[in-house]
Amino acid sequence: TLVRTASTETAGYYRCEASFQLGIVVSEPALIQIGYIYTTVNTPVDVVGYESSWLLLSCDHVISLPQATVLWLEEDLIERPVTGSDSLETLLNGSLLFSNLSSANEAMYICHASNPSTQEFRRVVYNLTVSTGLLEVSGVPSQLLFLTPTDIVVSAGENAIFQCFVGSSYSMLRWYHEGSLISADSSSYSVLDNGVTLVVERAETKQSGEYRCEVEGIGSLSGNLTVIDTPIIYLTGSADVESDLETSFSLTCSLEEGVTAEWSWLKNGELVYEPIWTEGELRVSFTQESDEGLYQCVACNDVGRDMKTFRVNVISYPPMFLNSGHLPSKIHFTHSPLLLNCSAVSVPAPQFSWSRDFLSLTDAINQGHFSSPLPGILEDDSLSKQDSGNYTCTVNNSVGTARRSMYITVLDGPKFIYEPTFGSFALLRDNYLVCEASVDETLSLSFRWLINGTQELEVTTKIVFSIVILTNHVPSYSFN
């Protein structure tokens, strides 16, 4: 993509999205900053130094983003790079330090600053004049003590360097961290250049705070170090998340204890404002199909950033009956119980309803004629012939609907019209027992006689009654 006439409004995080038939992929964000370089002066700057003192030339008349690369040139008759010596060096921040000025240092010095982003450069010219004698301000010699830099921000694990320059001879230079003396043999620090340079080795957050260089007989200056951990995001759970439709899910990112960062969430490359998210956690309630996609948590602080990606799939399917949803037709007798079980699964969860001959049984269930103790269950404690009909179980969710039916036939069951009663048989004579029963006209009856519940007797059977003739049986039979 081509950004025309770039301005501060076009700076920010850029992402590339690539879509295809099955979805979309989103690149990691790239931070695009606006690069520029300019000077605050257009004419040479006159600088006066003092013999046997020190002087710092800084290229602070050049404003650059990102920070410019500085090269110092010296012009006498021709321009040539400044070469270091015991009394002249280029500091880490690009400044030029004269530690023992003399008339030999008088010259034109050029700060040549290049912007590494735009490839542009700017130059600032300094005319240095060295004067004899030391300038006194309120009785204190100026430029006797100088600390650079005064404020440092580094990532954990990087080195931080303070330098304390003294414009005259001194007997002792000490460094302090939060008021505690730093030992020269400390494993966490290096003191170099006769005490001038303090290196905080592989800085840790606990080494943040005030650093002070103290020169005996002259004074002290303080600077501040801030050590920030680069955020490293850890995922809680899997990066591939499946959520059932109309349920909920949460995505959680975390940082190491003590690491602070600003959080943001992206969905398919766009900033997430809804649903609600707190710090490293994003929660989605009542999941919809539109909630599917790529989610990214982003943690940023002054020294770095990290990002982790989740892929969320929303699962849904219409109701499906278990065991093929077969509900066999059955014959039941009056006054017998009825139990129908309709089993199905779906996402979102299925909703069950019953009907008979296409009329809803909801009112009958509410009135107690039928009961439904569990989803998909229909019960009746005592059937009547009016309960015959085509029973349909309907299962639905937001994705689809399924139905299964069965025909229930309720008939009059067998019942006794005449039953044998308690009595006795006459010895050595024929005796009769009569049992009479009826059943629905569509069914047939058969009779069987048992003695003491086990021994079966041969019987004479008619349509609706049975007679057993016991001839010359010895001994007598008792029956109940």
Side-chain angles (χ1 to χ4, degrees), residues 242-250 274-276 283-292 313-417 419 436-446 464:
E242 291 188 347
S243 176
D244 290 346
L245 186 67
E246 297 179 5
T247 58
S248 63
F249 68 87
S250 64
E274 294 181 0
I276 298 174
R283 297 181 302 276
V284 178
S285 302
F286 201 72
T287 313
Q288 300 298 304
E289 292 180 354
S290 59
D291 293 320
E292 192 169 89
N313 294 316
V314 178
I315 307 301
S316 65
Y317 53 85
M320 296 184 296
F321 286 100
L322 302 178
N323 301 322
S324 300
H326 181 58
L327 296 175
S329 297
K330 292 182 178 180
I331 295 177
H332 290 260
F333 295 118
T334 53
H335 309 296
S336 66
L338 173 70
L339 173 62
L340 300 181
N341 186 0
C342 179
S343 299
V345 293
S346 69
V347 175
Q351 301 294 319
F352 294 86
S353 61
W354 288 92
S355 62
R356 182 182 64 204
D357 296 333
F358 307 107
L359 297 177
S360 173
L361 292 177
T362 301
D363 290 341
I365 294 173
N366 294 334
Q367 294 168 5
H369 183 74
F370 291 95
S371 63
S372 183
L374 294 172
I377 300 294
L378 183 68
E379 291 182 347
D380 187 347
D381 293 334
S382 180
L383 288 171
S384 66
K385 296 187 73 172
Q386 289 74 23
D387 293 323
S388 295
N390 188 54
Y391 285 76
T392 300
C393 170
T394 301
V395 188
N396 70 316
N397 65 7
S398 60
V399 182
T401 301
R403 295 180 177 85
R404 291 293 183 271
S405 298
M406 66 179 298
Y407 198 90
I408 298 296
T409 302
V410 181
L411 302 176
D412 287 326
K415 62 181 179 180
F416 287 109
I417 298 174
E419 300 179 52
E436 186 176 354
S438 67
V439 73
D440 189 271
E441 60 184 10
T442 61
L443 303 175
S444 59
L445 281 174
S446 62
V464 294

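Everything quoted here is computed from the prediction, not taken from an experiment.
- At a threshold of 4.5 Å between non-hydrogen side-chain atoms, the residues Thr334 and Lys415 do not count as touching.
- For His335, the NE2 atom sits in a loose shell: 12 or fewer heavy atoms of surrounding residues, nucleotides or ligands are nearer than 6.0 Å.
- The two atoms that bring Leu340 and Met406 nearest to each other are CD2-SD, 3.3 Å, heavy atoms only.
- Asn397 and Pro319 get closest at one heavy-atom pair: OD1-CD, 3.6 Å.
- By the 4.5 Å heavy-atom criterion applied to side chains, Val399 and Pro348 are counted as neighbours.
- A donor-acceptor pair under 3.5 Å is absent between the side-chain atoms of Glu436 and the main chain of Ile417, judged by distance alone.
- Heavy atoms only, all atoms of each residue included: Arg283 and Ser250 are closest at CG-CB, 4.0 Å.
- Taking a 6.0 Å sphere around CG of Asp381, one finds it holds 12 or fewer heavy atoms contributed by other residues, nucleotides or ligands.
- You'll find the side chain of Leu443 reaches within 4.5 Å of the side chain of Phe333, heavy atoms only.
- With Ser382 contributing its side chain and Ser336 its backbone, the two residues share no donor-acceptor pair below 3.5 Å.
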Check against side chain to side chain contact (heavy atoms under 4.5 Å, CB included), Thr394 and Thr401: CA-CA 7 Å; Thr394 301; Thr401 301; 3.8 Å; yes

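- Under the 4.5 Å side-chain criterion, counting only non-hydrogen atoms from C-beta, Asn341 is not in contact with Leu374.
- Within 6.0 Å of OH on Tyr317 lie more than 12 heavy atoms contributed by other residues, nucleotides or ligands.
- We find the CZ-CD1 distance between Phe370 and Ile377 to be 14.0 Å, quoted to the nearest 0.5 Å.
- Note that CD1 of Ile365 and OG of Ser371 are 8.0 Å apart. Values are rounded to the nearest 0.5 Å.
- Checking side-chain atoms of Thr287 against main-chain N and O of Thr247 turns up a donor-acceptor pair under 3.5 Å.
- One finds the OG atom of Ser360 at 12.5 Å from the CH2 atom of Trp354 (value rounded to the nearest 0.5 Å).
- Separation of atoms OG (Ser353) and CG (Asn396) is listed at 6.5 Å; rounding is to 0.5 Å.
- Proximity of Ile408 to Asp387: side-chain heavy atoms (C-beta onward) are nowhere separated by under 4.5 Å.
- The heavy-atom pair separating Leu383 from Pro337 by the smallest distance is CD1-O, 4.3 Å.
- The minimum heavy-atom distance linking Ala344 with Pro350 is given by the pair O-CG, 3.9 Å.
- Two residues are said to be in side-chain contact when any heavy atoms from C-beta on lie closer than 4.5 Å; Ser243 and Asp291 fail this criterion.
- Residues Leu361 and Tyr391 form a side-chain contact, since some pair of their non-hydrogen atoms from C-beta on lies under 4.5 Å apart.
- A donor atom on one side chain and an acceptor atom on the other are not found under 3.5 Å apart for Ser290 and Gln288.
- The two atoms that bring His369 and Asp380 nearest to each other are O-OD1, 3.6 Å, heavy atoms only.
- A distance of 9.0 Å separates SG of Cys342 from CG of Leu322, quoted to the nearest 0.5 Å.
- You'll find the side chain of Cys393 reaches within 4.5 Å of the side chain of Phe321, heavy atoms only.
- Taking NE2 of His332 as the reference point, atom CG of Leu411 lies at 10.5 Å (rounded to 0.5 Å).
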